[in-house]
S.K.: 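My structure is below; once you've seen it, I'll send some questions.
Quick caveat, the model's predicted, so the values are computed rather than measured. Atoms within each ligand, like the ligands themselves, are counted from 1 in listed order.
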Amino acid sequence: MSAVKKVLIVGGGIGGLCAAIALRRQQIAVDLVEIKAEWTVYGVGIIQQCNVVREMAHLGVLERYLNAAYAFEDVAIYDAEGKQLARIPGQRAAGPQYPVNIGISRLALHRVLSETATELGTRITLGHTIEAFSQDADGVDVRLSNGQSGRYDLVIGADGLFSKVRSMLFGDRYQPRFTGQSVWRHNFPRAPAIDHLATYVGPDGNAGLVPLADNLMYLFVTSHEPDNPWFDADQLATQMRERLRGFGGLIGQLREQITDARQVVYKPMEVVFVDEPWFQGRVLLIGDAAHATTPHLGQGAGMAIEDAIVLADLLRRDEALPTLLQEFMNRRLERCRFISEESILAGEREMARDHAFDRAGQVRRMMAVTAQPVV
Ligand SMILES: Cc1cc2nc3c(=O)[nH]c(=O)nc-3n(C[C@H](O)[C@H](O)[C@H](O)COP(=O)(O)OP(=O)(O)OC[C@H]3O[C@@H](n4cnc5c(N)ncnc54)[C@H](O)[C@@H]3O)c2cc1C
């Protein structure tokens, strides 16, 4: 057993919550500070692949997770009118017992993870953040924005793309970069035909329909927005319909139902990759704080979850923390770099309208890499 007995996690998103669950299961004391006073997430969905399902089993939440999700196997590619171009049958690469893919609403995922972390005894502080820390060889002294202070064996920065912990470690060396693309999302009742991930190749960007539950799916469309424009909130429905102008079939029918701007979730794609050890002393970054990428391979959250699992696995060992954190880097750096770079590449090829780009081959390579177990 490592000497790590008490941990502070900064950020209660997907990575932070998975870290809290994994560490609590090893009887490590966990404090978690989340900046949002109202601890919720936006209401569209997320695709998770078999490597994530496998890690949900490691976290001991598989049944709860699958009950809240929609399991599916295949991915199909259609043209803009809805004519099927290809159907890629799912392969249960993580083992026959795990579904190939899951669609899950972010709200449902947050509920599963936050309830489990709380039940396991994570001490959660909402509406605050880390204010300052100083460390020595044996621990980290931390002050929170509510004035509370504590001493920890390890501090985990799981505070996402705009990580404050990253700035505290590296100053302004790593700033999120806009890739030139944005994504527009909207929930709908699930159409019976959408029992798989359906992607549609459009003239200017790609659209997709993702099943999230028996009665829920979400529509996304990517768009090239070279100047990273700012849109008034009340314009979002009109703008999303505009981005879907080139689509017919089911996507065309759904486009006409996008009338309420409040139901549209708009997100410019921003990326960051920390290209050196993600730790200094006893303070470590995981998830988007260290390696936020674009959603093209549907693996960003997957990498955050794997970070949490690998870290908890290492902290079982009775070895010095610097050795364990270096091994964490050895096990995570190249896998996360691969997902990060390939996701960005897919977006660049989309923006260049490079129809010769072997996207299916890229997805197959990604599936082969992520099928490899992390623990
Ligand atoms: C459009 C889009 C679609 C995506 N689709 C997929 C997909 O289908 N599949 C997939 O695997 N991934 C997907 N991703 C990526 C995925 O959402 C992220 O990789 C994942 O959320 C990262 O988890 P995280 O815990 O590291 O960060 P986050 O989920 O961003 O969580 C960070 C948490 O820290 C909190 N926080 C921030 N600052 C502070 C602070 N100073 N103090 C305390 N708390 C703080 C935040 O409020 C938040 O709760 C997508 C991303 C985007 C943008």
S.K.: Going by atom types alone, do Gln181 and Glu350 pair a side-chain donor with an acceptor below 3.5 Å?
M.R.: yes

S.K.: Side chains of Asp307 and His291 only: does a donor on one sit below 3.5 Å from an acceptor on the other?
M.R.: yes

S.K.: Can you report which non-hydrogen protein atom sits closest to atom 29 (O) of ligand 1, along with the distance?
M.R.: Ile14 N, 3.9 Å

S.K.: With the threshold set at under 4.0 angstrom, would you say Arg185 reaches ligand 1 through any of its heavy atoms?
M.R.: yes

S.K.: Atom 41 (N) of ligand 1: which protein heavy atom is closest, and how many Å away?
M.R.: Thr129 OG1, 3.0 Å

S.K.: Of the side chain and backbone of Val183, name the one, both, or neither that has a heavy atom under 4.0 Å from an atom of ligand 1.
M.R.: side chain

S.K.: Heavy atoms only: which of Arg106, Glu34, Met269 is nearest to atom 50 (C) of ligand 1?
M.R.: Arg106

S.K.: Distance to 0.1 Å, residue and atom name: give those for the protein heavy atom nearest to atom 32 (C) of ligand 1.
M.R.: Ala158 O, 3.5 Å

S.K.: Heavy atoms only: which of Asp288, Ile286, Val165 is nearest to atom 26 (O) of ligand 1?
M.R.: Asp288

S.K.: Taking atom types as modelled and ignoring hydrogens, do the side chains of Tyr152 and Asp141 form a donor-acceptor contact shorter than 3.5 angstrom?
M.R.: no

S.K.: Considering only protein heavy atoms, which is closest to atom 10 (C) of ligand 1, and at what distance to one decimal place?
M.R.: Ala301 N, 3.4 Å

S.K.: Establish, from distance only, whether the side-chain atoms of Gln372 and Asn51 form a donor-acceptor pair under 3.5 Å.
M.R.: no

S.K.: Compare Ala304, Ala290, Gly13, Gly208 and give the one whose heavy atom is closest to atom 33 (C) of ligand 1.
M.R.: Gly13

S.K.: Counting non-hydrogen protein atoms only, what is the nearest one to atom 9 (N) of ligand 1? Give residue, atom name and distance.
M.R.: Ile47 O, 2.8 Å

S.K.: Touching ligand 1 at all, Lys36? Heavy atoms, strictly under 4.0 Å?
M.R.: yes

S.K.: At under 4.0 Å between heavy atoms, which part of Leu161 makes contact with ligand 1: side chain, backbone, both or neither?
M.R.: neither

S.K.: Please state whether the rings of Tyr200 and Phe247 are parallel, tilted or perpendicular, taking 30° and 60° as the class boundaries.
M.R.: perpendicular

S.K.: Among protein heavy atoms, which sits nearest to atom 6 (C) of ligand 1, and what does the distance come to when rounded to 0.1 Å?
M.R.: Ile46 CG1, 3.7 Å

S.K.: CG of Leu212 to CG of Leu109: how many Å apart, nearest 0.5 Å?
M.R.: 11.0 Å

S.K.: Do the side-chain N and O atoms of Trp39 and Ser114 include a donor-acceptor pair separated by under 3.5 angstrom?
M.R.: no

